[in-house]
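Since the structure comes first, as structure tokens, the remarks are kept for the end.
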Amino acid sequence: MKSPSEQDTEFAREQLATGCETMERMLRGLLDSKGRIAEEVHAIRKLGKSLRGGFALFRLQKSAAKEIQAIGRLLSEPRDAVSRLNTWQKLEWEGNASAAILGLLEQQTHSAARRPPEATVQWCVARVTAAAKELLELPTTDLAEQVTLGLNKLSKQLAKRCRNLDHRGEEDFHNARKAIKAYLGAISYLPEGSIPPGPKMVELAELLGDENDLATLSAWIEGHGFTEHFEPDLWVKVTERRLKLQKKAIRDAAQVVAGS
């Protein structure tokens with residue numbers, strides 16, 4: 001793997017700082033009465049995942065990245081509600097409980113589309129400010145070496161978690177997705193084309209995202225009483241869909257590992 005130069009490192013730091021400024025503007029935009037809250041929150045959380053990868057590149061995953069993670073968790077409900085509804089609609093299942101499930105999902109989506117209080121937004125802005133401050137205060141001495149170490153750690157973590165998909169554990173798929181998102185986020189702050197993503201990496205991230213959406217929906221369905229006892233056909237379809245995604249993810253992960 002090519003090691004980032006000092007110029008690449010400074011470029012990445014500037015881009016990451018700019019990303020923090022963008023997130024701050026987007027957070028303040030949540031207080032605007034115009035726009036659609038679910039879409040705005042989705043964009044903020046998507047940027048947040050990228051920023052966390054960028055901070056991991058600078059080996060700040062246990063400090064600055066945690067600040068950004070807190071924002072994602074706080075704003076998770078609006079996006080999760082929309083994601084559950086979209087995943088349910090893609091499932092295209094019709095049964096005794098389909099109307100009851102759809103109605104409840106739609107109700108929760110509408111309820112979640114409320115703008116957060118101003119004090120909550122300000123708390124989130126403070127998290128971004130703290131993360132950016134830590135980044136900009138990093139000493140320039142040996143910074144390129146630190147970034148190289150950070151990139152190597154992200155790459156090794158990605159390969160390890162992709163190999164773990166053979167275990168087929170519930171958390172293995174979730175962890176592999178996080179590792180890929182972190183790596184892709186990290187390299188996105190380096191000069192374009194300097195370290196391109198490996199083969200199948202972007203596709204695998206999307207595939208694991210679909211699997212995670214089904215896992216989240218499954219937990220919601222069961223948690224709301226629509227268990228296998230009452231709706232066995234539904235659970236057959238959900239299980240079959242997840243297994244199909246998991247098998248393809250395992251195949252694609254092997255290609256990612258081989259190309260890393």
* Asked: With hydrophobic residues grouped by side-chain heavy-atom distances under 4.5 Å, do Phe11 and Leu136 end up in a single group?
  -> no
* Asked: Going from NZ on Lys160 to CZ on Arg163, what distance comes out if it is rounded to the nearest 0.5 angstrom?
  -> 9.0 Å
* Do the side chain of Ser50 and the main chain of Lys46 share a donor and acceptor less than 3.5 angstrom apart? -> no
* Apply side-chain contact (heavy atoms from CB on, under 4.5 Å) to the pair Leu234 and Ile101, showing each step before the final yes or no. => CA-CA 11 Å; Leu234 169 59; Ile101 293 173; 3.9 Å; yes
* Does the cation-pi check pass for Arg127 over Trp123, that is, NZ or CZ under 6.0 Å from the six-membered ring centre and within 45° of its axis? -> yes
* Asked: Quick one: do Lys248 and Glu203 make a salt bridge, cutoff under 4.0 Å?
  -> yes
* Would you say Arg115's side chain and Leu30's backbone share a donor-acceptor pair under 3.5 angstrom? -> yes
* **Neighbour count above 12 (heavy atom, 6.0 Å) for Gln15 CD** => yes
* Structure fact -> Tightest non-hydrogen contact, residues Leu165 and Ala176, listed as CD2-CB, 3.8 Å
* Would you name the heavy atoms of Leu75 and Val41 that are closest together and state the gap between them? => O-CG1, 3.2 Å
* **Same apolar cluster (I L V M F W Y, side chains within < 4.5 Å links), Leu190/Met201** => yes
* So Gln108 and Trp220, side chain to side chain donor-acceptor pair (under 3.5 Å) or not? Walk me through it. -> CA-CA 12 Å; Gln108 292 187 358; Trp220 183 93; 3.0 Å; yes
* Structure fact -> In short, Leu57 meets Ala186 closest at the heavy-atom pair CD2-O, 3.6 Å
* Do Ser83 and Thr216 have side-chain heavy atoms sitting under 4.5 Å apart? -> no
* Structure fact -> To the nearest 0.5 Å, atom CG of Leu207 lies from atom CD of Gln246 at 10.0 Å
* Asked: Of all heavy-atom pairs between Thr9 and Phe58, which one has the smallest distance, and what is that distance?
  -> O-CZ, 3.7 Å
* Side chains of Phe55 and Cys20: does their closest heavy-atom pair fall under 4.5 Å? -> yes
* Asked: More than 12 heavy atoms of other residues, nucleotides or ligands under 6.0 Å from CG of Asn96: is that the case?
  -> no
* May I ask whether Leu243 and Phe173 are part of the same hydrophobic cluster, defined by side-chain heavy atoms of I, L, V, M, F, W, Y residues being less than 4.5 angstrom apart, directly or through others? => no
* Does any non-hydrogen side-chain atom of Ile37 lie less than 4.5 Å from one of Pro116? -> yes
* Asked: Can you tell me how far the CD atom of Glu228 sits from the CD1 atom of Ile221, to the nearest 0.5 Å?
  -> 12.0 Å
* **Flag if over 12 foreign heavy atoms under 6.0 Å of CD, Glu94** => no
* To do: Please examine the side chains of Ile68 and Met23, heavy atoms only from C-beta on, and report whether any two atoms are closer than 4.5 Å.
  => yes
* To do: Could you tell me whether the side chain of Gln107 reaches within less than 4.5 Å of the side chain of Leu104, counting heavy atoms only?
  => yes
* To do: Evaluate the salt bridge (Lys or Arg N to Asp or Glu O under 4.0 Å) criterion for residues Asp80 and Arg45: first the C-alpha distance (whole Å), next the side-chain angles of each, then the deciding distance (0.1 Å), finally the verdict.
  => CA-CA 11 Å; Asp80 287 349; Arg45 295 189 73 209; 3.5 Å; yes
* Asked: Is Glu206 close to Val202 at the side-chain level, that is, under 4.5 Å between some pair of heavy atoms?
  -> yes
* To do: Check the pair Leu85, Glu106 against side-chain contact (heavy atoms from CB on, under 4.5 Å), reporting the backbone distance first and the verdict last.
  => CA-CA 7 Å; Leu85 177 59; Glu106 289 178 335; 4.0 Å; yes
* Asked: Between atom CD1 of Ile71 and atom CD of Gln69, what is the distance when rounded to the nearest 0.5 Å?
  -> 10.5 Å
* Distance from Leu204 atom CG to Leu184 atom CG, nearest 0.5 Å? -> 9.5 Å
* To do: Taking all non-hydrogen atoms of both residues into account, name the closest pair between Leu158 and Ala179 and its distance.
  => CA-CB, 3.9 Å
* **Over 12 foreign heavy atoms within 6.0 Å of CD, Gln89** => yes
* Within one Ile-Leu-Val-Met-Phe-Trp-Tyr cluster: Leu208 and Ile250, side-chain cutoff 4.5 Å -> yes
* Asked: With no hydrogens and no angle check, is any side-chain donor or acceptor of Thr239 less than 3.5 Å from a backbone partner on Val236?
  -> no
* Would you say the side-chain atoms of Trp93 pair up with the backbone N or O of Trp235, donor to acceptor, closer than 3.5 Å? -> no
* To do: Tell me, with the steps shown, if Val121 and Glu118 meet side-chain contact (heavy atoms from CB on, under 4.5 Å).
  => CA-CA 5 Å; Val121 171; Glu118 183 175 355; 5.6 Å; no
* Atom OG1 in Thr87, atom CG in Leu214: separation rounded to 0.5 Å? -> 6.0 Å
* Sole candidate of Lys244, Arg242, Arg177 that passes side chain to side chain contact (heavy atoms under 4.5 Å, CB included) when paired with Glu211 -> Arg242
* Asked: So if you build clusters from Ile, Leu, Val, Met, Phe, Trp, Tyr with side-chain heavy-atom gaps below 4.5 Å, do Leu135 and Leu154 land together?
  -> yes
* Expected output: side-chain Ser76 to main-chain Arg73 donor-acceptor under 3.5 Å -> yes
* To do: Check the pair Arg28, Glu24 against salt bridge (Lys or Arg N to Asp or Glu O under 4.0 Å), reporting the backbone distance first and the verdict last.
  => CA-CA 6 Å; Arg28 295 188 188 281; Glu24 182 176 337; 3.1 Å; yes
* Find out whether Gln61 and Lys153 are in side-chain contact, i.e. whether some heavy atom of one side chain is under 4.5 Å from a heavy atom of the other. => yes
* Any chance NZ of Lys237 has more than 12 other-residue heavy atoms, nucleotides or ligands included, within less than 6.0 Å? -> yes
* Asked: Under 4.5 Å between any side-chain heavy atoms of Ile187 and Leu151, yes or no?
  -> yes
* Asked: Could you go step by step and tell me if Glu137 and Arg13 meet the salt bridge (Lys or Arg N to Asp or Glu O under 4.0 Å) rule?
  -> CA-CA 11 Å; Glu137 289 179 349; Arg13 177 149 65 168; over 6 Å; no
* Asked: Between Gly225 and Phe230, which heavy-atom pair has the shortest distance, and what is it?
  -> O-CD1, 3.7 Å
* To do: Please answer whether the main-chain N or O of Ala182 pairs with a side-chain N or O of Arg52 as donor and acceptor at a distance below 3.5 Å.
  => no
* **Leu149/Arg59 under side-chain contact (heavy atoms from CB on, under 4.5 Å): CA gap, chis, key distance, verdict** => CA-CA 8 Å; Leu149 291 173; Arg59 307 189 77 188; 3.4 Å; yes
